[in-house]
2 protein chains.
Amino acid sequence: MSVGIRHDDLRRRNRAMVISAVRRAGQPSRTEIAATTGLSHSTISAISSDLIREGILAESKASEPVSLKRGRPQVGLALNPEAAAVLTVVLSLNFLSAAIIDYAGQVVAEEQRRLDTLTMPRDELIRECMAIVRRRLDDPDLDVRSVARIALAIQGITDSPARAMLWSPITPQTDIAFADMLEDEFGIPATVENDCNMMAVALRWRDPDRYRDDFIAILLSHGIGMGLVLKGELFTGTHSSGGEFGHMIHRPGGALCRCGRRGCIEAYAGNYAIWRNATQMSEDSQPVADVSDADMRALAVRAREKDGPEREAYRKAGEALGFGLGSLFALIDPAPVAMVGASAAAFDLIEPALRKAIAQTAGGQHSGSISFDTEPNELPLIREGCAMRALSFVDQQIFAPGAQMRPGVRKNVA
Amino acid sequence: MSVGIRHDDLRRRNRAMVISAVRRAGQPSRTEIAATTGLSHSTISAISSDLIREGILAESKASEPVSLKRGRPQVGLALNPEAAAVLTVVLSLNFLSAAIIDYAGQVVAEEQRRLDTLTMPRDELIRECMAIVRRRLDDPDLDVRSVARIALAIQGITDSPARAMLWSPITPQTDIAFADMLEDEFGIPATVENDCNMMAVALRWRDPDRYRDDFIAILLSHGIGMGLVLKGELFTGTHSSGGEFGHMIHRPGGALCRCGRRGCIEAYAGNYAIWRNATQMSEDSQPVADVSDADMRALAVRAREKDGPEREAYRKAGEALGFGLGSLFALIDPAPVAMVGASAAAFDLIEPALRKAIAQTAGGQHSGSISFDTEPNELPLIREGCAMRALSFVDQQIFAPGAQMRPGVRKNVA
DNA sequence: CTAATTTTTTCGAGCCTCGAAAAAATACTG
DNA sequence: CAGTATTTTTTCGAGGCTCGAAAAAATTAG
C-alpha cells in the first residue's frame, strides 16, 4: 500500500522541488522555477521567500548579466554556500581522502592520505577513517555545526540502506558498519556508498544531456565495477548496492576470479586478469594483489606496438566486457556507457573485441549506435558523486523536512 | 525536473489510493482504509462517499460476517462490478483468447480460438485479433460503453510504452502497433503487454506475501521469458519490455538459439533446446519450430526413468538457467523465483543442476535460501495479469483523473 | 519623462485534510 | 427490555496550501 498524501506533505515536497531546481539550474529566476516545476508564480514566490528568510537560498546580485530584455530584470536565486556543509570520504585501495563541501557544492578543504589497506587490521582501518573525519571537522575555519551529512564511498559491496560496507576488495575485513560508527562518533548522519554508484551520480551532474535517464558507468580497474542509472534512478540491489557487473558469469567454470569463483567477467577484464593473460600465466593462477598503473600503461604500450600476448589479453578483456554488456543490454536495453578508471585509457585496445562481442548478443542490433565515453580518473568523480548525494540529502531531508515515508510503502505493480 | 504537486493532485492521488486499497483488500471498512493509507477518518469518509455516489464503490451488505466485537459494525466497501469493464486479449503460439472482466475482477465472458500463428500472414493475424475483440464487444449482454480498457498480452518483445509488439516468436511478423489499431478501431484505450510481465503482475496479486517487492517469474516454454518485479515495480527495459533473460549469454559462441545468435540461455533451456539435446542432435542444428507438450512430458518421463541423453538435456537446461540466474542475482541480489509454464512440471529434473550452477556464482552465497515455486499453467496467469493491469489503469486514470504527469519528468539521482 | 514590458509580490477564493465532537449502530448488563 | 459501553462513521469548523487576478516593482524604449 502506498501511503496517502497528507496536506502538510504538499508544502514539503514543493519546497524540495524548488531547492532541487536551484541546485540543478545554478541561478534560475523565480519565473524559470515556476516554468520548470509547473507551479504558479505565487507559490514559487511564497516558497522562495521562505527559503531566503531561512538562509537556504540567496538572491544572487553578484553576476548580473544585464538582461537585454526590457521589463523588470529577473533576479537569480542561488544556494547559500553557508547554509550547510557536507563531508565526503573516499576509501579506495591504499588511499583515503576526505573533503568538506559547502552547500553550493564548492570544495572548502581537502585531505589525502596513503595507507596500506590490504594488510591493515580492522581496528586501524576504522581508526584511520575516523581520524581523517575528525581532522576535517576540527578545522578551525569550519563551523562544525554546519556539517549536516557525511558520505563515505568505498570500493566493494555496501548494503542497500547505505549503512555498512559488506565486502571490499581493498581489505580482507568485511561487514564494517561505517555509517553507525560515524554517527555515533560525530553525531552527524552518515551513509556508506558504493564507489561506482557515486561515479554514476557524478556523471549525471556533470553531463545531464548525455547521462540522463538511463546509462551505465563501468569502472575498469583492478576489479570491474558498475554504477547503473535506470529511469532516472540509481539502481541498487534489493539487499546490497548490487550491480555486480564484474561478477556476472562470462564463461562457466572459466578463469579464476579474485572472488574465488570462476568465469566472472572480472577474471578476464580486471587489471589482474589482463596482467595474468599478458604474462601468459595460467587462468587458474591466483590473481596478483595489485598491478601498478605504470605497469598497466607499459602493458598497453606493448599491446599497441605489436600483436602478442599483451594485445590478446586486452582482446579477451574486451570480449568479456562485450558479452557481459550484451547480457546486460538483453535485460535493460542498450544505453550509453562511460568507461571510467585507469584502464579506460587503454579502451582503444579493448573496444574492437568488445564491439564484436556485443554484436553477437541481443543488444547487438544496436551495437553501432552504442556510444562509449572514457574518463581515466575515477577519484574526482567518486568524490563529486558523494558530495552531490550528501547535498541532495540535505536539500530534501533537512531543508524540506516533514512527513517522512513510513516503512512498508508499497507500490502498485499492475 | 520533477514536477511540483498542484493542489488538485492531492484529492486525485488520495482517491486513487482509496480505490487501490479496496481493490487489494477486497472488502475493507473505512476504518481499515484509514489505517492502511494513513489518511484521517474524515478524509476517507469524504472520499468514499464520493466514490459511492459516483458508482465506483458500493457498500457490501451481502456478506456480513457478524462482527463479534461490540460497537457499530464495520461496513465493508467493495468495488462495484458494474462501474466498468475491461477486455483482455492473450495471443500466444497458435492460440488466441479474449475475455471481458468486470470492475470487481470477475470474468464475465470468454472466448478461445486456435490459429496457426506461425504461418499466418500479417493482415490475417491482425484481423483475427480485431475480430475476437469485436465479437466480445458485440455480446448483447454487455454494455459496450462500460469497456474502459483493452490489454493485449503477447509472447515476445513489446515496446516500453506498451503500444506495439516489436518482435515475437509466435509469428514472423514484426512491429505491429496493436494498441493504435485497437484504439482506432474501437475507440477504447489499449496497451500491448509482454506475457511474462503479466505473469509477474498476476503472481503479485495471487500471493502478495511471497511475491511482494522483489521477485522473478520465469517462463519455461518453447522459449525462455522473464517478468521481473524490483522494488515493487514491474521492471521494463528503457525502450522495450526488456528482461530478455532467455537471451543473456550463457556460453559465448555456444549452441544455436532460435534468435539466430549463439550461446543464449534459451539455446540450452528452451523446449526446443532440451529436445535437441535429448535427441542428441548437434547444438548447431536449427531449432525445431514447436515441440508438443505431450512430447515434452514423454521426455521428462524418460529422463526420470534412467540416466541418458534426456536427463543430460535437462541437466544442461538447469545449468544454463542457474548460471543465468547467478548473473542476474549478481546484478539485483537474490530474490524469490517462480517457474511458470509446461516445463515447470519438469523442474525436478532441472533443479539440481540449476542449484549447483547458482552455487558457483555471486548469488551462490545464498543459494540454499533461494526458493523456487512452480506453476505449470501460464495462460490463466497471463490473463489475470492483463486484467489487473487494465483494471489498475481504470482505477488510476479514469476514476481518479486529473493533472497527469507531463513528459520529461525527471527524478533526482543523487 | 512617459509608456511599455516583464518580473515579483499581494490578496482573496476555493479546496483539501485534520481533529474534535456528534451521530449511528451494535453488544453487553442487570 | 432499557440503559450503558463501545466502535464506526459522519459532520463541522479551523488551518493551510495553491491559484488566478491584480497590484507593485524594476527596467528599457522612445
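Annotation: ring-ring contact (aromatic ring centres under 6.0 Å, His included) contacts of Phe186(B) (sequence neighbours excluded): none. For His7(B), the ring-ring contact (aromatic ring centres under 6.0 Å, His included) criterion is met by His7(A), not counting sequence neighbours. In this structure, the ring-ring contact (aromatic ring centres under 6.0 Å, His included) partners of Tyr211(B), at least two apart in sequence or on a different chain, are Phe215(B). Listed by chain and number, the residues in a side-chain hydrogen bond (donor to acceptor under 3.5 Å, both in side chains) with Arg383(A) are Glu110(A) (sequence neighbours excluded). With sequence neighbours excluded, no residue forms a side-chain hydrogen bond (donor to acceptor under 3.5 Å, both in side chains) with Gln106(B).
Distance, Leu39(A) CG to dT18(D) C1': 8 Å, rounded to whole Å. Atom pair Asp9(A):CG and dT17(C):P shows a separation of 11 Å (rounding to whole Å applied). Atom-to-atom, CG of Leu10(B) to C1' of dC17(D) comes out at 9 Å; the value is rounded to the nearest Å. Atom pair Asp8(B):CG and dC19(D):P shows a separation of 7 Å (rounding to whole Å applied). Regarding Arg11(A), its CZ atom lies at a distance of 13 Å from the C1' atom of dC19(D), rounded to whole Å. In this structure, the CZ atom of Arg6(B) is 8 Å from the C1' atom of dT18(D), given to the nearest Å. Arg12(B) has its CZ atom 16 Å from the C1' atom of dC15(C), to the nearest Å. In this structure, Asp50(B) places its CG atom 12 Å from C1' of dC15(C), rounding to the nearest Å.
The side chain of Asn14(A) places no N or O atom within less than 4.0 Å of a non-bridging phosphate oxygen (OP1 or OP2) of dC17(D). Using a 4.0 Å cut-off, some side-chain N or O of Thr43(B) falls inside it from OP1 or OP2 of dC18(C).
Residues Ser241(A) and Asn197(A) form a side-chain contact, since some pair of their non-hydrogen atoms from C-beta on lies under 4.5 Å apart.
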What does the B/S/- profile of nucleotides 4-11 of chain D look like, 5' to 3', with a 4.0 Å heavy-atom cutoff to protein? -BBBBBBB

